[in-house]
Every structure is written in C-alpha cells, then in structure tokens.
Number of protein chains: 2
Amino acid sequence: MKIGDLAKRAGCTVETVRYYEREGLLPRPERGANNYRLYDASHLETLCFVRNCRALEMSLAEIGTLLRLKGMSGQDCGEVNTILDEHIDHVAERLAQLHQLQEQLVSLRRLCSRIESVESCAILRELAESPEGDCPARPAGPHVRGAH
Amino acid sequence: MKIGDLAKRAGCTVETVRYYEREGLLPRPERGANNYRLYDASHLETLCFVRNCRALEMSLAEIGTLLRLKGMSGQDCGEVNTILDEHIDHVAERLAQLHQLQEQLVSLRRLCSRIESVESCAILRELAESPEGDCPARPAGPHVRGAH
DNA sequence: AGACACCCTGGAGTAACTACAGGGTCAAGG
DNA sequence: CCTTGACCCTGTAGTTACTCCAGGGTGTCT
C-alpha cells in the first residue's frame with residue numbers, strides 16, 4: 001500500500017509517517033519503480049503501535065525503546081512494564097502540578113470580581129509581585145500569600 | 001542594576017531576560033558606556049510580572065496582551081479577566097484530558113501483572129491494535145475495548 | 001599582569017510535528 | 001494527445017520558550 005493509505009488507516013498524516021521514518025521509528029519500506037514508498041501489514045502494525053503510544057503521550061524516545069524491546073523475541077517484558085510505570089508516574093506528577101496551578105489561578109481570579117480600572121485591578125497587582133518581596137514598585141498591597 | 005542582578009532578583013537566567021527583550025515583553029533598557037544593559041525598578045516589576053504569569057503557564061502571547069492592557073491607563077480590566085478565564089478553562093481541559101489518560105494507562109498496565117515474554121505480553125499486543133480494527137497483523141486477540 | 005566573574009552578539013539545539021516550495025507520477029476524461 | 005486532479009518525492013522552515021554555546025570585550029582583585 002502507498003503512504004496515503006497507510007496514513008489514513010493509522011489515522012495520521014503522510015508527513016507524520018515520513019517523520020517517523022526519518023526518526024527511525026518506522027523501518028524504511030521498499031520503493032516502487034516510481035520511488036513511491038510501498039508498505040505492508042507489518043508497517044501498519046508498527047505505525048499503529050507508535051500512534052497508540054503517542055495517544056498515551058509517550059515520547060518518541062520511549063516509543064523507540066518499546067519497539068526495540070518488542071522486537072527482541074525471547075526477552076521478557078519487565079522493561080516494558082517499567083517504562084509504563086515511569087510514564088504513569090510522570091503523568092501523575094503533571095496532574096498534581098496542574099491541580100495546584102488551577103487552584104492558584106482560581107484564587108487569583110477571585111481577586112477581581114467586577115470590572116475596574118487596570119490601575120486598581122488586584123489581579124494585575126498580584127501578578128506584578130516579586131517572588132520574595134523583591135519588586136519594590138508597589139511597596140505593600142493587600143495580597144494573597146500562600147495562593148502561590 | 002545590571003542584567004545579572006535583575007535576573008537573580010526575578011529568579012531567572014540572564015539568557016531568559018535577553019530573550020524577553022527580543023520578544024518585546026521587556027522594554028529595551030538604557031546602555032552604559034560599556035554597552036551593558038542598565039535596569040531600574042520598573043523593569044524588575046515587569047520581569048516579575050512575566051515570570052509570575054509563566055509560573056501560571058500562560059503563553060508569552062497572553063502575557064504580552066496582559067502587559068499591553070496593564071499599560072493602558074484609564075482602561076478597565078474586563079479583558080484581563082477574560083484572558084484569565086480562558087486560561088483557567090484551558091487548564092481545566094488539559095486536566096480532564098490527563099485524568100482520562102491516566103485511567104487508560106492504568107488499565108493498560110493491569111494487562112500484564114507478571115513478567116512474561118515480549119511475544120505474549122498483553123500490553124504490547126494492545127498497543128499494536130489499530131484504531132478501528134485496521135491492523136491485521138494479529139487477527140483477533142483478547143483485548144480491552146473501552147479501555148481507550 | 002593574570003585570573004576571574006561578568007557582560008555582549010549571534011547562532012544552534014530542544015520535541016513532535018506541520019506546512020510549504022518545487023518538482024515528478026498516474027489514471028481518467030475530453 | 002493533452003489536461004486536470006490527486007497523489008507522491010525531497011528538502012527546508014516554522015512552531016514554543018527557552019537553553020547553551022562560541023568568540024569576544026569589561027571590570028576588579030591580587
């Protein structure tokens with residue numbers, strides 16, 4: 001099958017397919033007399049593998065490692081499990097970080113309930129504060145320490 | 001003050017300060033006879049503003065807009081609130097997405113509890129599945145549809 | 001005079017694509 | 001036979017928000 005068919009079946013663009021080939025995630029396929037790439041079912045499987053991993057937001061480096069492990073028959077899948085566990089931890093950390101961020105944003109947003117002038121807007125004032133009392137432009141205002 | 005002092009007070013690197021200047025977020029400061037940049041308190045305030053916004057993961061484009069609004073005295077802060085609301089929505093969407101991702105990852109991980117060969121590992125099999133039954137390499141295996 | 005810390009400019013590198021520009025190939029229709 | 005349109009090719013540049021040099025100048029201390 002040609003690159004357009006492959007891409008459609010895997011749900012990505014032809015540019016992405018060529019990109020994966022350049023990055024070494026997809027083996028270089030045969031070429032027809034017209035220099036078109038010609039793919040078979042195993043290419044499709046590999047591409048689906050990559051796209052599924054990307055949908056789970058793994059990095060291409062992680063996916064490359066998984067593909068190498070997948071190809072080493074006789075090997076056990078302990079490393080696969082480890083990579084997945086690490087990725088799960090990574091996502092958990094990012095989730096915690098975003099939760100905290102969301103709280104900070106919401107409490108910042110509450111500082112200005114009604115429309116005021118930009119000079120008196122407590123949001124803008126809060127955002128101009130220095131990390132450790134170092135921004136001397138506005139000496140000391142009402143300000144939500146602990147919110148961030 | 002010199003760029004190193006400014007950067008230290010705002011908690012960032014000198015490269016980042018110069019980058020913000022290039023991007024138009026920080027006004028071009030005066031230069032000394034030695035061509036060194038010379039900053040004052042208002043530069044520090046602006047830099048703190050940018051860094052605080054970045055800590056809240058706003059984009060530099062959003063921050064630029066906020067800075068322009070902040071500078072237009074006489075203006076009301078309705079647009080500021082709108083930008084913040086949109087950013088909060090954006091973070092909320094990302095949070096929901098990551099929650100779903102985490103569930104998918106955990107149920108994928110459960111497919112392989114003990115160490116097996118890479119040929120039989122259900123994680124690797126699941127990851128090779130096509131989006132719509134299109135990957136014909138392994139005709140039909142036990143497989144957790146609905147997990148993703 | 002030398003060592004060291006700081007400053008300058010300009011350019012390359014990061015992740016994972018996306019979007020061309022400029023060209024070739026192929027099948028169908030007029 | 002010619003054209004149109006859909007596909008394919010290579011190679012390069014752009015995206016975000018920095019980070020990290022290379023190669024050079026400046027300022028202070030000993």
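These values consider heavy atoms only, across backbone and side chains, with no hydrogens, waters or symmetry-generated copies.
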Approximate separation, where rounding is to 0.5 Å, of A:E79 CD and A:E86 CD: 10.0 Å
For DNA chain C, the residues among residues 31-40 of chain B that have a non-hydrogen atom under 4.0 Å from it: B:R31, B:N35, B:Y36, B:R37
Short side-chain N/O contact to C:dC17 OP1/OP2 from A:Y20, under 4.0 Å: yes
Comparing B:V14 and B:R22 on DNA chain C - which has the more 5′ nearest nucleotide: B:V14
Flag, side chain of B:E62 to backbone of B:S59, donor-acceptor distance under 3.5 Å: yes
Nearest-nucleotide comparison on DNA chain D, the residue closer to the 5′ end among B:R51 and B:K2: B:R51
Worked verdict on B:E45 versus B:R51 for salt bridge (charged side-chain N to carboxylate O under 4.0 Å, His left out): CA-CA 10 Å; B:E45 193 194 329; B:R51 293 307 294 174; over 6 Å; no
Rounded distance in Å - CG (A:L25) to P (C:dC17): 9 Å
Sidechain-backbone polar pair: A:H87 side chain, A:L56 backbone, donor-acceptor under 3.5 Å: yes
First of A:Y19 and B:E21 reached from the 5' end of DNA chain C, by closest nucleotide: B:E21
Side-chain heavy-atom pair B:Y20, B:L60 within 4.5 angstrom cut-off: yes
Interatomic distance, A:E15 CD vs C:dA15 P [rounded to whole Å]: 21 Å
Sugar-phosphate only, base, or nothing, as touched by B:R18 at under 4.0 Å among non-hydrogen atoms: base
A:D40 and A:E30: CA distance, side-chain angles, deciding distance, side-chain contact (heavy atoms from CB on, under 4.5 Å) verdict: CA-CA 9 Å; A:D40 60 22; A:E30 289 180 81; over 6 Å; no
A:T16 side chain near C:dT18 phosphate (N/O to OP1/OP2, under 4.0 Å): yes
A:E103/A:R110 salt bridge by N-O under 4.0 Å criterion: no
Range on DNA chain D touched by chain A, heavy atoms, distance below 4.0 Å: D:dC7 to D:dT10
Closest heavy-atom pair and its distance - B:T65, B:I83: CG2-CD1, 3.5 Å
A:K70 NZ/CZ over A:F49 ring centroid, <6.0 Å and within 45° of normal: yes
